[in-house]
J.: 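Mind having a look at this structure? Questions to follow.
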Protein chains: 2
Amino acid sequence: MSLREQKKKETRCRIFEISSRMFREKGFENTTVDEITKEAGIAKGTFFNYFPTKESLLYYFREQKEEFIRTIMNDQISLGISSRQKIENFLVQVAEHYEKERELLRLLFFEQKKLLLTTGHEKSCHSDKRKKHEFFINMLADFVREGMHKGEIRSDADSKVVAEILYAVYFHSLMIWLHSEKDYSFSKDMSAKIAIIFEGIGV
Amino acid sequence: MSLREQKKKETRCRIFEISSRMFREKGFENTTVDEITKEAGIAKGTFFNYFPTKESLLYYFREQKEEFIRTIMNDQISLGISSRQKIENFLVQVAEHYEKERELLRLLFFEQKKLLLTTGHEKSCHSDKRKKHEFFINMLADFVREGMHKGEIRSDADSKVVAEILYAVYFHSLMIWLHSEKDYSFSKDMSAKIAIIFEGIGV
DNA sequence: GGTCATAAATGACCACAGTCATATTTAAGT
DNA sequence: ACTTAAATATGACTGTGGTCATTTATGACC
């Protein structure tokens, strides 16, 4: 790696580290780009060479989270357990992971405008990006389809629709949990709701 | 009503009308407070006497929507139909109402930061406000409880949790629909998902 | 080691949301 | 009609996110 690339990487990293520390310490709105650049020892304009907006720092963070989620998913794929177990494990493990950094997630979800809306249905120019945003629902849909084939999930519904329901409940529960002052277990809440979704609310 | 109150009401109304027209025409970000006040024939500072922030215009809009939803809810209460029917009617009618103003809703949901997160679990100083934000889930919870009493909904789950699931799916489906370019029927999608939730996804 | 094209850094500058001290309008009391 | 206090309007001003023409650093090539 050339000196140039090396330096770029370092600067990008330094900006990111400093920002996330400052965001945690003083909040997103109360941290200015000026402060960040001053602390990072660069000019203001340089910041925008690395991140197009202040908000995009949060996007970057989110991407890292997605990477992690993907690994949790992959861990489940080849296990010899029921699809319901796989789905539950997947969602509960994500929840457990999130429980470790509630404050950070609050930052991510409550300070962002557009990103909040990653419903998994973003229109985007790049088919690449598209996949990236839909990835969570698609992952779930894979599990659901598998369950349908194995006869563990009713197959008279569209797998995508079922995955959407699961994701909707996951996402909303996450929001509720992040908003809440109480520190109940998000993962247990998830677990209970999955049970209800599988068994139905009707008598 | 005194001259003063009259004028205030008129000004507030004018600001709101002009803003919503401009937002629709050119988008939220592309409309400046300067433009709004110029068109309304008031000074910039006056705007902030009526609305604390530019964003709060969208809040105001949302409140009006909530008012409408409340009436839909009340229409259902005393009908002699099953709780499932009531829930379905309620959500589907809200969906049908929204279908008439997709663009406006996109504005509301995609331009707002904090408001997006009205998960129904906002902490707030005023118990008044609290109720206001939770109102959607509480409405659903009322229906659910009724259904449990009448033996139409399984009563081994917490009514609030069930209401959260319903709301989660409603909210997420709304987001997907608003994001989508295609113009499929949101109300039909809602209807299908409610069926799945009632019957469960397990075999 | 010198030259040059290109990548990267810089900070003066701009646009716009939001503030606040001051000016103006209203309406009640006399 | 006059006085006065409170409500309301005003626009110059501020803080901050983001831009861009200019300057500086880098490394390929001779």
Side-chain angles (χ1 to χ4, degrees), chain A residues 1-61 107-108 110-116, chain B residues 1-23 25-62 107-108 110-116:
Chain A
M1 183 183 289
S2 73
L3 171 58
R4 216 172 228 174
E5 286 177 63
Q6 187 63 38
K7 270 190 160 179
K8 264 185 91 171
K9 204 171 173 182
E10 272 172 27
T11 301
R12 187 179 173 82
C13 190
R14 196 159 72 256
I15 292 174
F16 185 65
E17 296 295 341
I18 287 169
S19 311
S20 37
R21 178 169 53 72
M22 289 181 117
F23 290 165
R24 282 179 222 240
E25 282 171 13
K26 334 192 300 168
F28 182 77
E29 306 276 6
N30 297 325
T31 306
T32 67
V33 176
D34 270 318
E35 290 173 313
I36 295 170
T37 53
K38 193 160 276 181
E39 182 126 356
I42 54 171
K44 192 174 180 182
T46 306
F47 176 94
F48 293 97
N49 288 340
Y50 287 89
F51 298 92
T53 64
K54 180 183 166 191
E55 203 182 324
S56 68
L57 281 166
L58 303 179
Y59 285 72
Y60 185 67
F61 223 134
L107 245 177
L108 278 184
F110 298 165
E111 299 298 349
Q112 277 174 307
K113 249 179 167 154
K114 313 286 173 176
L115 214 72
L116 263 173
Chain B
M1 182 183 289
S2 73
L3 171 58
R4 217 170 226 175
E5 286 177 64
Q6 188 62 39
K7 270 189 161 181
K8 262 186 92 172
K9 204 172 174 182
E10 272 172 27
T11 302
R12 188 179 171 81
C13 190
R14 198 160 70 258
I15 293 174
F16 185 65
E17 297 294 343
I18 287 170
S19 311
S20 36
R21 178 168 54 71
M22 289 182 116
F23 290 165
E25 281 171 13
K26 334 191 301 167
F28 181 78
E29 307 275 6
N30 297 324
T31 305
T32 66
V33 176
D34 270 317
E35 289 172 314
I36 294 170
T37 53
K38 192 160 277 181
E39 182 126 356
I42 55 172
K44 191 173 181 184
T46 306
F47 176 92
F48 293 97
N49 288 340
Y50 287 89
F51 297 92
T53 63
K54 180 183 164 190
E55 203 182 324
S56 68
L57 281 166
L58 302 180
Y59 285 71
Y60 185 66
F61 223 133
R62 183 113 165 194
L107 244 178
L108 278 185
F110 298 166
E111 299 298 351
Q112 276 174 306
K113 249 179 165 153
K114 314 285 173 177
L115 214 72
L116 264 174

J.: Going 5' to 3' along DNA chain C, which nucleotides are the first and last within contact of chain B (any atom under 4.0 Å from a heavy atom)?
T.: C:dC16 to C:dA27
J.: Would you confirm whether the ring centroid of A:Phe51 sits within less than 6.0 angstrom of the ring centroid of A:Tyr59?
T.: no
J.: Is there a side-chain contact between B:Lys38 and B:Asp34 (heavy atoms, below 4.5 Å)?
T.: no
J.: List the atom pairs, donor and acceptor, that lie under 3.5 Å between side-chain atoms in residues 40-49 of chain B and the rest of the protein, sequence neighbours left out.
T.:
none

J.: My understanding is that only residues two or more places apart in sequence, or in another chain, count here; which of them pass salt bridge (charged side-chain N to carboxylate O under 4.0 Å, His left out) with B:Arg21?
T.: B:Glu25, B:Glu39
J.: Can you list everything that forms a ring-ring contact (aromatic ring centres under 6.0 Å, His included) with B:Tyr50? Sequence neighbours excluded, please.
T.: none
J.: Got a sec, which residues hit salt bridge (charged side-chain N to carboxylate O under 4.0 Å, His left out) with A:Lys26, two or more places apart in sequence or on another chain?
T.: A:Glu35
J.: Return the OG1 to CD1 distance between A:Thr37 and A:Ile15, rounded to the nearest 0.5 Å.
T.: 8.5 Å
J.: Tell me the salt bridge (Lys or Arg N to Asp or Glu O under 4.0 Å) pairs involving residues 11-20 of chain A, sequence neighbours left out?
T.: none
J.: Between which nucleotides of DNA chain D, 5' to 3', does chain A make heavy-atom contacts below 4.0 Å?
T.: D:dT16 to D:dG27
J.: For DNA chain C, find the residues of residues 33-50 of chain A with a heavy-atom distance under 4.0 Å and give them by number; none if there aren't any.
T.: A:Ile42, A:Ala43, A:Gly45, A:Thr46, A:Asn49, A:Tyr50
J.: Would you give the length of the straight line joining atom CZ of A:Phe28 to atom CG of A:Leu58, rounded to the nearest 0.5 angstrom?
T.: 4.5 Å
J.: Judged by each residue's nearest nucleotide on DNA chain C, which is more toward the 5′ side, B:Thr53 or B:Arg4?
T.: B:Thr53
J.: Output the residues of residues 9-25 of chain A in contact with DNA chain D, where contact means a heavy atom of the residue under 4.0 Å from an atom of the strand; sort by number or write none.
T.: none
J.: Measuring from atom CZ of B:Phe23 to atom CD1 of B:Ile36, what distance do you get when rounded to the nearest 0.5 angstrom?
T.: 4.5 Å
J.: Side chain to side chain contact (heavy atoms under 4.5 Å, CB included) with B:Glu10: which residues, sequence neighbours excluded?
T.: B:Gln6
J.: Do side-chain atoms of A:Lys54 reach the backbone of A:Thr31 as a donor and acceptor pair under 3.5 angstrom?
T.: yes
